Amino acid sequence: MKKRNIAALLCTVLFSLSLGACGQTDQASQTGQASQANTAETSSEAASETSSDTQKSLVWGDTTFNTMNGEPSIDPHADSGGWACIRYGVGETLFHFSDAMEMEPWLAEGYKNIDELTWEITLRDGVRFSNGKAMDANAVKACLETLIAKMERAASALHIDTLTAEGQTLTIRTTEPVPTLLNYLCDPYGCIIDVDADVAAEGIVIGTGPYKATALTPDTSLELVRNEEYWGDKPALDTITVRTISDSDTITMALQSGEIDVAYGIPYSSYPLFENDYTFAGCATSRVFFGAMNFESEITSDPAVRKAIAMGIDKNGFVDTLLNGNGYPATGVFPASLPYGGDAVKAKEYDPEGAKEVLEAAGWKDTDGDGIREKDGKPLTLRWLTLPNRQELPLLAEYAQSTLGDIGFDVQINNTANYNSIRQDPSAWDVYFSAMITAPTGDPEYFFAYHCLDRSGNNDGHYHSDELEALHAEMSKTFDPQERQKLAVQMQQTILDDDAFLFVSHLRMNMIAKPTVKGLAAHTTDYYEITPQLDIAE
């Protein structure tokens, strides 16, 4: 093992081959209209009452910031709170990704890979938490120790054995080789917070980011103020209100009326309303809309049924018709912008007539002429579980209900905010469709470890493959990025051949803002949204 050279290759070659730059902002209009002149308005009366002539405030509307999306707080050690912590500028990680998905130091200054088990990280000088406490190695050590004690997902990914702190130097020793240790430290759960400060009852934490949280009402709003202790460029705004607006029509009207300045989650059907007078910030992401088959279901444990489902959904039609082109048909786990994504693997093509033949050969026939196939007296009913907090998922369910209905399925949709508890009951569903960023750490292992293995906490369909387990065992000890890419292709092909998962579309993510909003940029990871550069004209 060539220790430092191999680690360097992992963190540079892999990422330089990774997703292309996507931090650009698409300007729908350079001029704006007089109807948008009142851009200083916010929905927060308290902010208005305390503002001065020079104070800058912004209101951010978001359809995904809610407990239904696993974000009851901004605590990175609780559920999916890290996403809110890093998105809204409260927390930062030791390393982060550039627009070109190259890993760069952030709160860290650099690192050394001493051997297969030992990593020495040098922390940036002069960083303080928003309460004024200095961020040193002891503070980072305490944060990571709390993380792995509270979150099994982080503990199983990082495999930390010991943490040693001395001044600004943190030494991490793992129980086994972890080629992607630094990648995992870029995950939102890796936000460095002051764990000696009590987490407020409503989930507020003390981070190092450009803004600090002052109030959080779950499913309603998060109040932010400038972090005067911030180590980087001075944040441009004095206050920010992040508003939860789960209904897509409501968020559309809120942006039109000027109630909010930026919107995340505007429905595609509403885009034409904003094309002339607003700013679009968007990019391609690795977020994929995909389904997991239930291998304990009498229906989807049948290989012929799984194959017919894979052949019975028109991915191109879904993207072109229902997403209005705001997506990319998926082949496998990863988008074509990754060297191990797109056409690197093969998936079944849309072939409704072929799907009918597959079902006929397996004994699924429509014997009573009602359009629904049966076998041994049991109808071909497909219980489709999904969630409403991403607009694409209900659209996909309805689209599949039509296309699969044409080949003899009776698709029964359960689109519910209670999906988390239902998916844990294998008797309650046959296929579960959700969405996730598949390469949030810039490495292919993340998705498989999260969804596909015997030990995966989110292997909802209880899928098992001896071949996949063996390939992952090899990947988990492979440092060479080229070899990891080859393994990623083999692992994708394994689950595609088994029709264990169905990947329909990758997302083009857009945020829409008033033309007076400046410094708004989308990022491939969907992490970095509220930054010091985010600004609004006075």
Side-chain angles (χ1 to χ4, degrees), residues 286-313 315 329-335 340-342 344-351 354-355 358-359 362 364 380 382-387 393 396-397 400 404 407 409 411 419 422-439 444-476 487-506:
S286 69
R287 186 178 295 280
V288 69
F289 303 101
F290 74 105
M293 304 294 176
N294 186 352
F295 281 75
E296 294 190 16
S297 158
E298 185 178 354
I299 297 295
T300 44
S301 60
D302 184 337
V305 171
R306 298 198 305 273
K307 184 176 182 180
I309 295 171
M311 299 170 69
I313 297 178
K315 302 175 185 179
T331 303
V333 180
F334 306 105
Y340 41 84
V345 295
K346 295 186 181 300
K348 294 174 179 63
E349 299 287 341
Y350 176 56
D351 182 3
V358 168
L359 292 170
W364 291 98
L380 188 54
L382 187 68
R383 296 168 301 171
W384 185 293
L385 175 64
T386 194
L387 50 147
L393 291 170
L396 175 57
L404 293 177
I407 62 177
F409 282 88
V411 180
Y419 67 94
I422 295 175
R423 69 183 173 89
Q424 295 171 25
D425 177 5
S427 68
W429 56 278
D430 303 306
V431 60
Y432 166 54
F433 266 78
S434 60
M436 74 172 289
I437 293 283
T438 56
E445 186 176 3
Y446 185 96
F447 177 83
F448 302 105
Y450 197 74
H451 270 293
C452 308
L453 305 174
D454 291 345
R455 66 176 179 84
S456 300
N458 285 66
N459 186 352
D460 303 309
H462 297 167
Y463 169 64
H464 169 79
S465 164
D466 289 342
E467 181 179 0
L468 188 70
E469 295 288 331
L471 288 167
H472 179 260
E474 186 176 352
M475 175 180 273
S476 65
L487 289 166
V489 171
Q490 292 176 265
M491 293 170 76
Q492 284 180 91
Q493 198 61 59
T494 298
I495 64 176
L496 289 171
D497 290 345
D498 288 342
D499 297 307
F501 298 87
L502 175 61
F503 304 92
V504 178
S505 168
H506 293 285

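Just the heavy atoms: all of them, side chains too, but no hydrogens, waters or symmetry mates, feed the values below. Nothing fancy with the numbering, it's 1 onward along the sequence. As the structure is a computational prediction, the values presented were derived from the model and not from experiment.
Note on ring orientation: taking the six-membered ring where Trp is involved, the planes of Tyr450 and Tyr446 are parallel (angle under 30°, cut-offs 30° and 60°). Between Phe501 and Phe290, the angle of the ring planes lies from 30° to 60°, which puts this pair in the tilted group.
The two atoms that bring Ser297 and Arg383 nearest to each other are OG-NH2, 4.5 Å, heavy atoms only. Smallest separation of non-hydrogen atoms from Ala308 and Ile407: O-CD1, 3.9 Å. The shortest heavy-atom contact between Ala347 and Lys315 is CB-NZ, 4.2 Å. The two residues Leu393 and Ala435 have their closest heavy-atom pair at CD1-N, 4.3 Å. In plain terms, the two heavy atoms of Ala330 and Val288 that are nearest each other are CB-CG2, 4.1 Å. Ser476 and Ala473 get closest at one heavy-atom pair: OG-O, 2.8 Å.
The shortest side-chain heavy-atom distance between Met475 and Pro444 falls under the 4.5 Å cut-off. Using a 4.5 Å heavy-atom threshold, the side chains of Phe295 and Asn459 count as separate. Residues Met293 and Ile309 form a side-chain contact, since some pair of their non-hydrogen atoms from C-beta on lies under 4.5 Å apart.
The side chain to side chain contact (heavy atoms under 4.5 Å, CB included) check on Ala344 picks up Val489, with sequence neighbours excluded. In this structure, the side chain to side chain contact (heavy atoms under 4.5 Å, CB included) partners of Pro426, at least two apart in sequence or on a different chain, are Asn294, Glu296, His462. Residues satisfying the ring pair (Phe, Tyr, Trp, His ring centres under 6.0 Å) criterion with His506, sequence neighbours excluded, are absent altogether.
Of the possible polar contacts, none joining the Lys348 side chain to the Gly312 backbone as a donor-acceptor pair under 3.5 Å is found. Side-chain atoms of Ser505 do not come within 3.5 Å of backbone N or O of Phe289 as any donor-acceptor pair. Here the side chain of Arg306 pairs no donor or acceptor atom with the backbone of Ala500 at under 3.5 angstrom. Remark: the backbone N or O of Phe433 is paired with a side-chain donor or acceptor of Thr386 at under 3.5 angstrom.
Note that CZ of Arg423 is 9.0 Å distant from CG of Leu385, once rounded to the nearest 0.5 Å. Tyr340 contributes atom OH, which lies 9.0 Å from atom CD of Gln492 (distance to the nearest 0.5 angstrom). Interatomic distance, CE of Met491 versus CD of Glu445, reported as 7.0 Å (0.5 Å rounding). One finds the CZ atom of Phe447 at 7.5 Å from the OG1 atom of Thr438 (value rounded to the nearest 0.5 Å). The CG atom of Asp498 sits 10.0 Å away from the NE2 atom of His464 when rounded to the nearest 0.5 Å. To the nearest 0.5 angstrom, Gln490 atom CD is 10.0 Å from Gln493 atom CD.
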Query raised in the report: Run the side-chain contact (heavy atoms from CB on, under 4.5 Å) check on Ile495 and Val333 step by step: do they pass?
Result: CA-CA 10 Å; Ile495 64 176; Val333 180; 4.0 Å; yes
Report task. Could you give me the CA-CA distance, side-chain angles and deciding distance for Tyr432 and Ile422, then say whether side-chain contact (heavy atoms from CB on, under 4.5 Å) is met? Result -> CA-CA 10 Å; Tyr432 166 54; Ile422 295 175; over 6 Å; no
Report task. Decide yes or no on side chain to side chain donor-acceptor pair (under 3.5 Å) for Asp430 and Thr300, but give the supporting numbers first. Result -> CA-CA 6 Å; Asp430 303 306; Thr300 44; 4.6 Å; no
Query raised in the report: Can you list the steps and then say if Leu471 with Phe448 is a side-chain contact (heavy atoms from CB on, under 4.5 Å)?
Result: CA-CA 10 Å; Leu471 288 167; Phe448 302 105; over 6 Å; no
Query - side-chain contact (heavy atoms from CB on, under 4.5 Å) evaluation trace for Leu496 with Asp499 - result: CA-CA 5 Å; Leu496 289 171; Asp499 297 307; over 6 Å; no
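The environment of Glu349 atom CD is sparse: at most 12 non-hydrogen atoms of other residues, nucleotides or ligands sit within 6.0 angstrom.
A donor-acceptor contact closer than 3.5 angstrom is absent between the side chains of Trp429 and Asp460. A donor-acceptor contact closer than 3.5 angstrom is absent between the side chains of Asn458 and Ser456.
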